[in-house]
Student: 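Right, I'll just put the structure down here and ask away after.
Just so it is clear, the values below take in all heavy atoms, side chains as well, and ignore hydrogens, waters and symmetry mates.
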Amino acid sequence: MTRSKYCLKPVLGRPKDLEKRDAILKAAQSHFLKHGFEAANMDQIAAAAGVSKPTIYGHFGSKDELFKTVISAKCQQHEPAETFGDCVGLSPRDTLLKIARNFLDLIYSPEALAIHQVISTESERHPKIARLFFEAGPQRIKDAMTEYLNGLCRRGELKIAKVERAVDHFFSMLKGETHMKVTMNLRPRPTAVECQEHAEDCIEVFLKAYSPASKLISS
C-alpha cells in the first residue's frame, strides 16, 4: 500500500517530546476556538499546555505554523493514510464512499464547525487566517483527491477531462445546501444515517458522470 505524500508524517522524537507536542496542540485548538487567531496568546497557550513558550516555538516555529498544524491534525483524524493511496482490494466506489464519509464526519464535527465560525469572523479583517486555513485543510484534501482520481484515470477506471473540476464537483455535492444551513444554525447536524445516504447518492451521480462509458463526458 502506498502512502499519500499529502498525509502528515509522524513527528520523530522522545515520548516526552511527543507528549508535549500533543499537549500544545490540544491547548492551541481550544484557545484558537475561544479567542480566534489574531487575539490568540502564545503565553496563555503555553500555560494551558504546561510548557514554556520557547518550547512551543521549538516544536512549531511560529503562531502561523501552530495554527496550520492544528487544522492539519484535525483533518488527519478523518483522513486515514490509505484513503487516498492505492487501496488494495477496494473498488473505486468503496474508496470514494470512504473518502466521502470521512469528509462529512470532518465538516460536521463540532471542532470543524467552530473553526469555520472563527474563519468567517476574522477573515475580512485578517485575510491571512483564511489562507492558512485553506492551505492546511481544504487544499491538502483537494490535492490528495486529485492524486487519487488521476490514478483512476491512468488505470482507465474513470474518464475525466478536467480532474480538478471533478474534485470540486465531488466535494461541492457532499457539502450541498445542508452544510450551509448547519453553519447558519438553520438545522441540526445531519445524523450518521443521513450522511451515509447522502454520500451514496453523491457517489452514484459522480461515477455515472465520469464512467468511461458515460455520454456526459466531454471530449
Student: Looking at every non-hydrogen atom in both residues, tell me the closest pair between Ser120 and Ser123 and how far apart they are.
Tutor: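 Nearest pair, atom of Ser120 first, then Ser123: O-OG, 3.8 Å.
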
Student: Contact between Met184 and Met180 at the side-chain level, heavy atoms closer than 4.5 Å - yes or no?
Tutor: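 Yes, their side chains come closer than 4.5 Å.
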
Student: How long is the span from the CD1 atom in Ile203 to the CD1 atom in Ile99, to the nearest 0.5 Å?
Tutor: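 Interatomic distance, Ile203 CD1 to Ile99 CD1, rounded to 0.5 Å: 8.5 Å.
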
Student: For the hydrophobic clusters of this structure (ILVMFWY residues joined by side-chain heavy atoms under 4.5 Å, transitively), does one cluster hold both Phe170 and Val205?
Tutor: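 As far as the 4.5 Å side-chain criterion goes, Val205 and Phe170 are connected within one cluster.
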
Student: In sequence, state the C-alpha distance, the side-chain angles, and the governing distance for Arg187 and Glu194, and then conclude on salt bridge (charged side-chain N to carboxylate O under 4.0 Å, His left out).
Tutor: CA-CA 13 Å; Arg187 60 152 292 167; Glu194 289 176 319; 3.4 Å; yes

Student: Any chance you could measure Phe32, atom CZ, to Ile115, atom CD1, to the nearest 0.5 Å?
Tutor: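 Those atoms lie 10.0 Å apart.
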
Student: Determine, using the 4.5 Å side-chain heavy-atom cutoff (strictly less than), whether Phe134 and Ile119 are members of one ILVMFWY cluster.
Tutor: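 Different hydrophobic clusters.
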
Student: Can a donor-acceptor pair be found, under 3.5 Å and without considering hydrogens, that links the side chain of Ser30 to the backbone of Ala27?
Tutor: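 No, Ser30 side chain to Ala27 backbone: no donor-acceptor pair under 3.5 Å.
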
Student: Should Glu164 and Lys142 count as an ion pair when the cut-off is N to O under 4.0 Å?
Tutor: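 Result for this pair is no, no salt bridge flagged.
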
Student: Any Lys/Arg nitrogen of Glu147 or Arg140 sitting under 4.0 Å from an Asp/Glu carboxylate oxygen of the other?
Tutor: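 The answer is no: the pair does not qualify as a salt bridge.
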
Student: Any idea which heavy atoms bring Gly36 and Val118 closest together, and the distance?
Tutor: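 Looks like CA-CG1, 3.9 Å.
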
Student: For side chain to side chain contact (heavy atoms under 4.5 Å, CB included), just list the numbers for Leu96 and Tyr148, CA-CA rounded to whole Å, side-chain angles, deciding distance to a tenth of an Å, and then say yes or no.
Tutor: CA-CA 10 Å; Leu96 290 173; Tyr148 176 69; 4.0 Å; yes

Student: Any side-chain heavy atom of Leu25 sitting closer than 4.5 Å to one from Phe60?
Tutor: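 When only atoms from C-beta onward are counted, Phe60 and Leu25 do touch, with a gap below 4.5 Å.
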
Student: Any side-chain heavy atom of Val182 sitting closer than 4.5 Å to one from His116?
Tutor: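 Of all side-chain heavy-atom pairs linking His116 with Val182, none is under 4.5 Å.
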
Student: Indicate every side-chain donor-acceptor pair of residues 44-55 with a distance under 3.5 Å to a residue at least two apart or in another chain.
Tutor:
unit_1: Ser52; atom_1: OG; unit_2: Thr55; atom_2: N; d: 3.3
unit_1: Ser52; atom_1: OG; unit_2: Thr55; atom_2: OG1; d: 2.8

Student: Kindly determine whether Asp17 and Arg21 satisfy side chain to side chain contact (heavy atoms under 4.5 Å, CB included), including the steps that lead there.
Tutor: CA-CA 6 Å; Asp17 291 332; Arg21 184 178 187 276; over 6 Å; no

Student: What's the spacing between His169 NE2 and Phe206 CZ if we round to 0.5 Å?
Tutor: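 If I round to the nearest 0.5 Å, the distance is 9.0 Å.
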
Student: Would you call Arg189 and Ser109 a side-chain contact if the rule is heavy atoms closer than 4.5 Å?
Tutor: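 Contact flag for Arg189/Ser109 side chains = no.
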
Student: Name the residue from Thr69, Ile24, Ile71, Val70 that meets the side-chain contact (heavy atoms from CB on, under 4.5 Å) definition with Gln29.
Tutor: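 Answer to the side-chain contact (heavy atoms from CB on, under 4.5 Å) test with Gln29 among Thr69, Ile24, Ile71, Val70: Val70.
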
Student: Are Leu152 and Ile160 side-chain neighbours, meaning at least one heavy-atom pair lies under 4.5 Å?
Tutor: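 When only atoms from C-beta onward are counted, Ile160 and Leu152 do not touch, as no gap falls below 4.5 Å.
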
Student: Are Tyr108 and His179 an aromatic pair by the rule of ring centers under 6.0 Å?
Tutor: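 Yes - the distance between ring centres of Tyr108 and His179 falls below the 6.0 Å cut-off.
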
Student: Suppose we screen for salt bridge (Lys or Arg N to Asp or Glu O under 4.0 Å). Which residues come up paired with Glu135, at least two apart in sequence or across chains?
Tutor: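 In terms of salt bridge (Lys or Arg N to Asp or Glu O under 4.0 Å), with neighbours along the sequence ignored, Glu135 is linked to Lys68.
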
Student: Are any of the side-chain heavy atoms of Met145 and Val163 separated by less than 4.5 Å?
Tutor: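 No, their side chains stay 4.5 Å or more apart.
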
Student: Is NZ or CZ of Lys63 both nearer than 6.0 Å to the six-membered ring centre of Phe37 and within 45° of the ring axis?
Tutor: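 Verdict for Phe37: a cation-pi partner in Lys63.
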
Student: Taking atom OG1 of Thr178 and atom NZ of Lys175, what is their separation to the nearest 0.5 Å?
Tutor: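 Output value for this atom pair is 12.0 Å.
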
Student: Applying the 4.5 Å side-chain criterion to the ILVMFWY set and letting contacts propagate, would Leu174 and Leu113 be lumped into a single cluster?
Tutor: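 Yes, one cluster joins them.
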
Student: Roughly how far, to the nearest 0.5 Å, is the CD1 atom of Ile141 from the CZ atom of Phe171?
Tutor: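 One finds 6.5 Å between CZ of Phe171 and CD1 of Ile141.
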
Student: As an exercise, state the distance from CG of Leu132 to NZ of Lys128, rounded to the nearest 0.5 Å.
Tutor: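 So the gap between those two atoms works out to 6.5 Å.
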
Student: Apply side chain to side chain contact (heavy atoms under 4.5 Å, CB included) to residues Gln117 and Leu33 and explain how you reach the verdict.
Tutor: CA-CA 9 Å; Gln117 183 62 41; Leu33 293 182; over 6 Å; no

Student: Please assess Cys195 against Arg101 for the test side chain to side chain contact (heavy atoms under 4.5 Å, CB included), listing each intermediate value before the final yes or no.
Tutor: CA-CA 7 Å; Cys195 285; Arg101 285 308 315 270; 4.1 Å; yes

Student: If we ignore hydrogens and angles and just use 3.5 Å, is the side chain of His198 paired with the main-chain N or O of Met173 as donor and acceptor?
Tutor: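 Yes, His198 side chain to Met173 backbone: donor-acceptor pair under 3.5 Å.
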
Student: Counting distance only, does the side-chain N/O of His31 pair as donor-acceptor with the main-chain N or O of Asn41 below 3.5 Å?
Tutor: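 Pair found, side chain donor or acceptor close to backbone of Asn41.
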
Student: Identify, with sequence neighbours excluded, every residue that meets salt bridge (Lys or Arg N to Asp or Glu O under 4.0 Å) alongside Lys181.
Tutor: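 Scan of Lys181 (salt bridge (Lys or Arg N to Asp or Glu O under 4.0 Å), adjacent residues dropped) gives Glu177.
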
